[in-house]
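Quantities reported herein were computed from a predicted structural model and do not represent experimental measurements.
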Amino acid sequence: IDSPHKCILETDMNIAHLVSKMSLGWGVNRLIDNFSESEIFELFSECDTRFGQTPLMFAAIDSKDSTLTAFLNFYSCSIKMNELNDEKNNEMTRRLDSLLHKQDNDRKTLVYYITDSDEKCLGPYGSIMQFEKKFHVRDTTTKEGLDFGYADLNRCFHDNLGSSQETSRA
């Protein structure tokens, strides 16, 4: 593959979508090994034109544990959580925000698909919850900062997961 962004014309999916659909966790790792970090971030964030879903959403919907784990491992290794509080580095914040809050055509997010799955995959579930916590609860030095962060996290869950019952399940 010479370009990770070459789409399959009939489906308008990129190669990461196909790897996800075929449940090829090892394929995700091959992509990561063969392209730059910035190309991979872009590739994993692209949406197909039919459903508006990212490759990670495809993997979460189909409960493809090894594939979703491989995707999230890339994010765990590449997003520097300590840089989220650094106002000078908005790129990390933007990437994590896109991972967590990008909505598909049905206005559902990756977090929704992971938490809504009947077969919750422990690794991806734990990773996505940790990402959400780190994204929303940034100021841990004061009680007010913690209270604001957890209120923001709860609001995010309510907005993206729907009912209070679904939010409390997460």
Side-chain angles (χ1 to χ4, degrees), residues 1-81 83-84 91-136 153 156-157 159-162 166-167 169-170:
I1 301 170
D2 57 346
S3 170
H5 305 291
K6 190 171 187 171
C7 290
I8 309 304
L9 295 178
E10 305 84 49
T11 60
D12 287 324
M13 293 188 285
N14 67 34
I15 188 69
H17 286 95
L18 297 176
V19 166
S20 181
K21 280 295 226 189
M22 294 168 34
S23 191
L24 301 174
W26 61 267
V28 174
N29 293 327
R30 290 291 303 264
L31 289 172
I32 292 166
D33 289 343
N34 287 301
F35 298 102
S36 72
E37 185 176 273
S38 61
E39 286 178 310
I40 294 298
F41 273 118
E42 188 177 330
L43 182 68
F44 290 178
S45 297
E46 288 178 357
C47 296
D48 72 303
T49 57
R50 189 166 163 201
F51 302 108
Q53 295 172 337
T54 65
L56 285 87
M57 289 176 180
F58 274 36
I61 289 167
D62 293 334
S63 294
K64 306 275 199 284
D65 188 27
S66 65
T67 307
L68 188 56
T69 299
F71 281 123
L72 290 173
N73 281 343
F74 167 76
Y75 279 89
S76 293
C77 294
S78 301
I79 292 180
K80 294 151 188 76
M81 293 298 186
E83 293 181 10
L84 287 177
E91 187 62 20
M92 287 298 151
T93 303
R94 187 192 64 73
R95 286 177 175 168
L96 189 56
D97 185 38
S98 177
L99 170 73
L100 299 171
H101 304 123
K102 182 182 273 190
Q103 295 181 339
D104 66 8
N105 294 347
D106 291 331
R107 300 186 49 76
K108 293 187 168 81
T109 64
L110 175 63
V111 177
Y112 172 86
Y113 288 118
I114 289 175
T115 59
D116 189 57
S117 174
D118 289 336
E119 297 178 31
K120 285 191 178 63
C121 306
L122 189 56
Y125 181 84
S127 294
I128 208 74
M129 290 297 120
Q130 188 66 31
F131 286 153
E132 279 284 8
K133 180 181 173 194
K134 286 285 191 184
F135 185 81
H136 292 284
L153 177 62
C156 174
F157 281 158
D159 291 347
N160 290 305
L161 299 178
E166 288 170 324
T167 300
R169 270 194 321 176

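- Between the CZ atom of Phe58 and the CG atom of Asp48 there is a distance of 4.0 Å, given to the nearest 0.5 Å.
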Stepwise side chain to side chain contact (heavy atoms under 4.5 Å, CB included) test for Val28 and Phe44: CA-CA 10 Å; Val28 174; Phe44 290 178; 3.9 Å; yes
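- Among residues two or more places apart in sequence or in another chain, the ring-ring contact (aromatic ring centres under 6.0 Å, His included) test is passed with Phe41 by Phe74, Tyr75.
- The two residues Gln53 and Ile61 make their nearest non-hydrogen contact at NE2-CD1, 3.3 Å.
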Test side chain to side chain contact (heavy atoms under 4.5 Å, CB included) applied to Arg95 and Ser38, step by step: CA-CA 10 Å; Arg95 286 177 175 168; Ser38 61; 4.2 Å; yes
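- Here the CD1-NE2 distance, from Ile15 to His17, works out to 11.5 Å after rounding to the nearest 0.5 Å.
- Residues satisfying the side-chain contact (heavy atoms from CB on, under 4.5 Å) criterion with Cys47, sequence neighbours excluded, are Thr54, Lys102.
- Counting all heavy atoms, side chain and backbone alike, Met57 lies closest to Lys108 at CE-O, 3.7 Å.
- Remark: Asp33 pairs with no residue by the side-chain contact (heavy atoms from CB on, under 4.5 Å) rule, at least two apart or across chains.
- Here the closest non-hydrogen pair linking Thr109 and Asn160 is CG2-OD1, 3.5 Å.
- Using a 4.5 Å heavy-atom cutoff, the side chains of Leu153 and Phe135 are not in contact.
- Scanning for ring-ring contact (aromatic ring centres under 6.0 Å, His included) contacts around Tyr113 gives an empty result, with sequence neighbours left out.
- Shown here for Pro55 and Asn14, the closest heavy-atom pair between the two residues is CG-OD1, 4.1 Å.
- To the nearest 0.5 angstrom, Lys134 atom NZ is 14.5 Å from Met92 atom CE.
- Of the possible polar contacts, one joining the Ser20 side chain to the Ala59 backbone as a donor-acceptor pair under 3.5 Å is found.
- No donor-acceptor distance shorter than 3.5 angstrom exists from the side chain of Asp104 to the backbone of Phe51, with no hydrogens or angles considered.
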Side chain to side chain contact (heavy atoms under 4.5 Å, CB included) between Leu31 and Glu39, intermediate numbers included: CA-CA 10 Å; Leu31 289 172; Glu39 286 178 310; over 6 Å; no
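- When the side-chain contact (heavy atoms from CB on, under 4.5 Å) test is applied to Arg30, the partners found at least two apart in sequence or on another chain are Trp26, Asn34.
- Residues Thr67 and Met22 form no side-chain contact, since every pair of their non-hydrogen atoms from C-beta on lies 4.5 Å or further apart.
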Intermediate values then yes/no, side chain to side chain contact (heavy atoms under 4.5 Å, CB included), Leu56 and Leu72: CA-CA 8 Å; Leu56 285 87; Leu72 290 173; 3.9 Å; yes
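- To the nearest 0.5 Å, the span separating CG on Leu96 from NE2 on His136 amounts to 8.5 Å.
- Nearest heavy-atom pair, Tyr125 versus Ile114, reported as atom, atom and distance to 0.1 Å: CA-CG2, 3.8 Å.
- In this structure, the side chains of Leu110 and Leu100 stay at 4.5 Å or more apart for every pair of heavy atoms.
- Take Lys133 and apply the side-chain contact (heavy atoms from CB on, under 4.5 Å) test, not counting sequence neighbours, and it matches Val137, Tyr150.
- Summarising the geometry, atom CD1 belonging to Ile32 is positioned 8.5 Å from atom SG belonging to Cys77; distances are rounded to the nearest 0.5 Å.
- For the pair Glu37 and Ser78, the tightest heavy-atom approach, listed with the atom from each and the gap, is OE1-OG, 3.4 Å.
- With hydrogens and angles disregarded, no donor-acceptor distance shorter than 3.5 Å links the side chain of Asp116 to the backbone of Tyr112.
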